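Below: one structure, written as structure tokens.
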Amino acid sequence: VQLQASGGGLVQTGGSLRLSCAASGGTFSSYGMGWFRQAPGKEREFVAAITWVGSTYYTNSVKGRFTISRDNAKNTVYLQMNSLKLEDTAVYYCAARSGGGYSNMNNYNYWGQGTQVTVSS
């Protein structure tokens with residue numbers, strides 16, 4: 001499975017961005033999908049996940065601001081990010097898993113290349 005993330009950019013605090021991750025080369029609907037992020041000098045961390053049947057999960061810091069969704073017809077997963085904060089600045093990665101817990105990076109078999117999100121004041 002190949003994953004291509006897009007949609008990052010520069011936005012002011014309080015603004016919005018929508019990230020997209022297009023998948024190819026596999027049966028997209030059979031994978032759980034996740035978004036992770038890595039800020040400079042920090043470890044990569046879980047942001048959000050969506051299961052095969054559409055159940056969603058979020059890290060506490062983005063609950064109520066971010067929304068993950070998927071369109072199986074388009075083989076694409078999205079991350080709608082609203083009310084962005086300075087601390088949301090990071091490289092965002094999409095990933096696909098075929099099993100295991102949704103927040104553990106080690107359970108994700110395939111990764112996209114990352115897209116930079118920069119939030120400025």
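These figures come from a predicted structure and were not determined experimentally.
Between Ser24 and Val1 the shortest side-chain heavy-atom distance does not fall below 4.5 Å. A heavy-atom distance below 4.5 Å is not found between the side chains of Thr67 and Leu79.
Atom CZ of Arg97 and atom CG of Asn109 lie 10.0 Å apart (nearest 0.5 Å). Rounding to the nearest 0.5 Å places OG of Ser20 at 10.5 Å from CG of Asp71. To the nearest 0.5 Å, atoms CD (Gln4) and OG1 (Thr76) are separated by 11.0 Å.
Test Thr13, Leu17, Val62 against Leu84 for side chain to side chain contact (heavy atoms under 4.5 Å, CB included) and you get one pass: Leu17.
Taken together through direct or relayed side-chain contacts under 4.5 Å among Ile, Leu, Val, Met, Phe, Trp and Tyr, Val117 and Tyr78 form parts of separate hydrophobic clusters.
Partners of Asn107 by side chain to side chain contact (heavy atoms under 4.5 Å, CB included), not counting sequence neighbours, listed by chain and number: Asn104. With sequence neighbours left out, Arg18 forms a side chain to side chain donor-acceptor pair (under 3.5 Å) with no residue at all. Judged as a side chain to side chain donor-acceptor pair (under 3.5 Å), and not counting sequence neighbours, the contacts of Asn72 are Arg70. Partners of Gln116 according to the side chain to side chain donor-acceptor pair (under 3.5 Å) rule, which considers only residues two or more places apart in sequence or in another chain, are Thr118. Under the side chain to side chain donor-acceptor pair (under 3.5 Å) criterion, Ser16 pairs with Asn82, not counting sequence neighbours.
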Side-chain donor-acceptor pairs under 3.5 Å in residues 86-96, sequence neighbours left out?
residue	atom	partner	partner atom	Å
Asp88	OD1	Arg37	NH1	2.9
Asp88	OD1	Arg65	NH2	3.1
Asp88	OD2	Arg65	NH1	2.7
Asp88	OD2	Arg65	NH2	3.4
Asp88	OD2	Lys85	N	2.8
Thr89	OG1	Leu86	O	3.0
Thr89	OG1	Val119	N	2.9
Thr89	OG1	Val119	O	3.4
Tyr92	OH	Arg37	NH1	2.9
Tyr92	OH	Asp88	O	2.6

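Among pairs with a residue in residues 8-32, those fulfilling ring-ring contact (aromatic ring centres under 6.0 Å, His included) read Tyr31-Tyr110, at least two apart in sequence or across chains. Identified under the ring-ring contact (aromatic ring centres under 6.0 Å, His included) test for residues 36-73, with sequence neighbours left out: Phe36-Phe46, Phe36-Tyr108, Phe36-Trp111, Phe46-Tyr102, Tyr57-Tyr102. Applying the disulfide (SG to SG under 2.5 Å) rule to pairs touching residues 31-85 yields nothing, sequence neighbours excluded.
Thr115 and Ala5 make their closest contact through CG2-CB, 4.3 Å (heavy atoms, listed as atom of the first residue, atom of the second, distance). The two residues Ser30 and Thr27 have their closest heavy-atom pair at OG-O, 2.7 Å. Annotation for Lys63 and Asn60: closest pair NZ-OD1, 3.1 Å, computed over non-hydrogen atoms. For the residue pair Leu19 and Met81, the shortest heavy atom distance occurs at CG-CE, 3.8 Å.
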